[in-house]
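Accompanying notes for the structure given below.
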Amino acid sequence: MTLPRRFPDRDEVVAVRADAERLEPGEESAEKRRLAGRVLARRGHGKLVFLDLVDRSGRLQILCDESRTGTVDLDLGDVVGVTGSPARTRRGEPSLAVDALELLAKNRRPLPDTFHGVTDTETRYRQRYLDLLMNEETRADFLLRTRLVSAIRRQLDAAGFVEVETPVLQPRYGGAFARPFVTHHNELDTDLYLRIATELYLKRLIVGGLERVYELGKDFRNEGVSFKHNPEFTMVEWYEAYADYEDTMVRVEELVAAVAREVLGTTEVEFRAHRLDLAPPWRRLGFVESLEEHRLWTRDAEDLERRLRERDVDTRQDRDWPQLVDHAFSHFVEPSLLEPTIVRDYPVEISPFARLRDDGSGLVERFEYFVGGMELGNAFTELADPDEQAARFAQSAAQADGEQGDPDYVEALAYGMPPTGGLGLGIDRLAMILTGRESIRDVILFPALRERP
RNA sequence: GGGCCGUUAGCUCAGCUGGUAGAGCAGGGGACUCUUAAUCCCAAGGUCGAAGGUUCGAAUCCUUCACGGCCCA
């Protein structure tokens, strides 16, 4: 059987449905329209066959009178192209009354249960095409994610940012605390790392005078998998010359709200059974104050460890103060940050790229922002002084899993980086918030799984 | 890495204190010109995740492993 190579001049299901809805029950339009899609239901009635046709835009009943179309010999899951007229059945169902029907692709496997769809999580992830085919919500969520990504680009482009591409394969990794994936370049005979962040390259472009840059793409972190972690994930980072972290706070809360309005039509979302409003201004909370509320703010490692143990926290994995304070924050503060919250002014010891405040507090101009008890991103007034950056790298290298340092980056700073506000935003997590999905695997088309045995 | 739960037909699920593996949908054959989880009739469909063990007898009990999920780290 030779199948057609093309099916031109196709209309969308949603458009034909709108035409059909304007008709009276029993009426058929004189117009001719063409549709193509997947047959996902069949209700045979002798020489009259009702099929449900699904394309990306929606679902519509098509009505095949075999005295008009000839014999309809189809299985569920076949892809067909049809020509016919918008119509409404006597019962009032919007339909397309078909004149001609051609098979465009044959389904050779039984389709999953057409009523329950595919619910087995493993099948949904490993055979995402079945999930997309059978589950309308899945299709809607991934289309939402696509609109989210283009809305972010549109917002940043409109604000005068230029989108750039920096290396995924890097001789040094940096810009975040994370273990990298390592690979090898044969010709250069050198190990390379898959980037854990785009930060250090983007700031080189600020030194280079591009003024407002962003990059939206994959980062890779060789760490655990959880409801909010996938080893490869999508992040947008932007850097804005002549701005500080206060400017950046306003920019991110406005951007997230604008994006939500664009893709959802509202800033109100429901996540983990909480109604949340993404509209600015977001709540501001000092990092130190957030820990003081739990009587967990101290810069003394032994003291902090003792206080954590009193609260039955297992600190055996924490090797120094930076890890302890991070543990304290993520255990006691982060889960409580449901409404959008900006946590600001972090200790310098855990912030190697942020500029110090002028008040001698040992805190830096850095904020992280949280929604639904989950970190969405991280931002600073960038540290521009090359000597201090070199000193921070040295300090960080002495810490457990700290930054390894990047002399080329320090050299770039020596040429003078303008005052700069920079930010990272986790796209997958924002997609979780906007779709209400509680697992990152439900907003990544092909999430990381073990190889099937 | 640890704890708990799950894995039975293509899919969604039953299967009791161990006693001959079931249903619905899908797929096959047939009837039916307004159905919409269409309906009706017929036939078919299984390495019960894998490997061991206990037992006269294991989908069921035990052990190990694999994969997935949730929680903790």
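Throughout, protein chains are lettered first and strands after them, A, B, ... in sequence-line order, and every chain is numbered starting at 1.
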Distance below 4.0 Å between [X] side-chain N/O and [N] OP1 or OP2:
X: A/R450; N: B/G68; result: yes
X: A/R43; N: B/A38; result: yes
X: A/T121; N: B/G69; result: no

One thing to verify: whether [Y] and [X] come together as a salt bridge, which I'm taking to mean a side-chain N less than 4.0 angstrom from a carboxylate O.
X: A/R357; Y: A/E365; value: no
X: A/D120; Y: A/R124; value: no
X: A/R68; Y: A/E28; value: yes
X: A/D52; Y: A/R59; value: yes

Distance between the [atom1] atoms of [N] and [M], in whole angstroms?
N: B/G24; M: B/A14; atom1: C1'; value: 11 Å
N: B/U8; M: B/U60; atom1: C1'; value: 11 Å
N: B/A51; M: B/A37; atom1: P; value: 42 Å
N: B/G10; M: B/G28; atom1: P; value: 15 Å
N: B/G29; M: B/C4; atom1: C1'; value: 48 Å
N: B/A21; M: B/G57; atom1: C1'; value: 15 Å
N: B/U7; M: B/C16; atom1: P; value: 12 Å
N: B/C32; M: B/A38; atom1: C1'; value: 11 Å

Nearest to side-chain heavy atoms of [X], which nucleotide of [options]:
X: A/D314; options: B/U36, B/C34, B/A73; value: B/A73
X: A/H331; options: B/A73, B/C11, B/C34; value: B/A73
X: A/R126; options: B/G68, B/C34, B/A73; value: B/G68
X: A/H45; options: B/C67, B/C70, B/U33; value: B/U33
X: A/H116; options: B/U12, B/A26, B/A73; value: B/U12

For this session: Take the angle between the ring planes of A/F353 and A/Y409 and call it parallel below 30°, perpendicular above 60°, tilted in between.
Result: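 Rings of A/F353 and A/Y409: perpendicular, as their planes differ by over 60°.
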
Looking at every strand, decide which applies to [X] at a 4.0 Å heavy-atom threshold: base, sugar-phosphate, or nothing.
X: A/D52; value: nothing
X: A/R441; value: sugar-phosphate
X: A/G117; value: sugar-phosphate
X: A/L449; value: sugar-phosphate
X: A/R109; value: nothing
X: A/T114; value: sugar-phosphate

For this session: Specify the residue among A/S439 and A/F50 whose closest nucleotide of RNA chain B lies further upstream toward the 5′ end.
Result: A/F50

Exercise. If each of A/R42 and A/Q127 is mapped to the nucleotide of RNA chain B with the nearest heavy atom, which maps nearer the 5' terminus, i.e. the 5' end?
Worked result: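 Per heavy-atom nearest nucleotide, the more 5' residue is A/Q127.
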
Exercise. Got a donor-acceptor contact below 3.5 angstrom from the A/N107 side chain to the A/L76 backbone?
Worked result: yes

Exercise. Distance-only, no hydrogens or angles: does the A/E403 side chain make a donor-acceptor pair with backbone N or O of A/F177 under 3.5 Å?
Worked result: no

Searching all strands shown, indicate the nucleotide that pairs with [N] (Watson-Crick or G-U wobble; both distances under 3.5 Å).
N: B/C61; result: B/G53
N: B/G24; result: B/C11
N: B/C70; result: B/G3
N: B/G18; result: none
N: B/A37; result: none
N: B/G45; result: none

For this session: Would you mind reading off the distance between A/H327 atom NE2 and B/A73 atom C1', rounded to a whole angstrom?
Result: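 Checked: the NE2 to C1' distance equals 8 Å.
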
Exercise. Can you tell me how far C1' of B/G68 sits from CZ of A/F227, to the nearest Å?
Worked result: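 Nearest whole value for this atom pair: 18 Å.
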
For this session: State the CD-CG distance between A/E382 and A/L423, to the nearest 0.5 angstrom.
Result: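 A/E382 atom CD to A/L423 atom CG measures 9.5 Å (nearest 0.5 Å).
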
Problem set entry | Test log, rule side-chain hydrogen bond (donor to acceptor under 3.5 Å, both in side chains), inputs A/D65 and A/S67 | CA-CA 5 Å; A/D65 182 338; A/S67 65; 2.7 Å; yes

For this session: Check the pair A/F287 / A/F329 against ring-ring contact (aromatic ring centres under 6.0 Å, His included), numbers first and verdict last.
Result: CA-CA 9 Å; A/F287 180 87; A/F329 183 85; 5.1 Å; yes

Seminar exercise, completed: Per salt bridge (charged side-chain N to carboxylate O under 4.0 Å, His left out), A/D428 is matched among A/R437, A/K228, A/R145 by A/R145

For this session: Report, as a single string ordered 5' to 3', how protein heavy atoms within less than 4.0 Å touch nucleotides 5-10 of chain B: B base, S sugar-phosphate only, - not at all.
Result: -----B

For this session: Evaluate the salt bridge (Lys or Arg N to Asp or Glu O under 4.0 Å) criterion for residues A/E368 and A/R366: first the C-alpha distance (whole Å), next the side-chain angles of each, then the deciding distance (0.1 Å), finally the verdict.
Result: CA-CA 7 Å; A/E368 293 188 301; A/R366 170 185 177 190; 3.3 Å; yes

For this session: Using a cut-off of strictly less than 4.0 Å between a heavy atom of the residue and any atom of RNA chain B, enumerate the qualifying residues of residues 57-85 of chain A by number.
Result: A/Q61, A/D65, A/S67, A/D75, A/L76

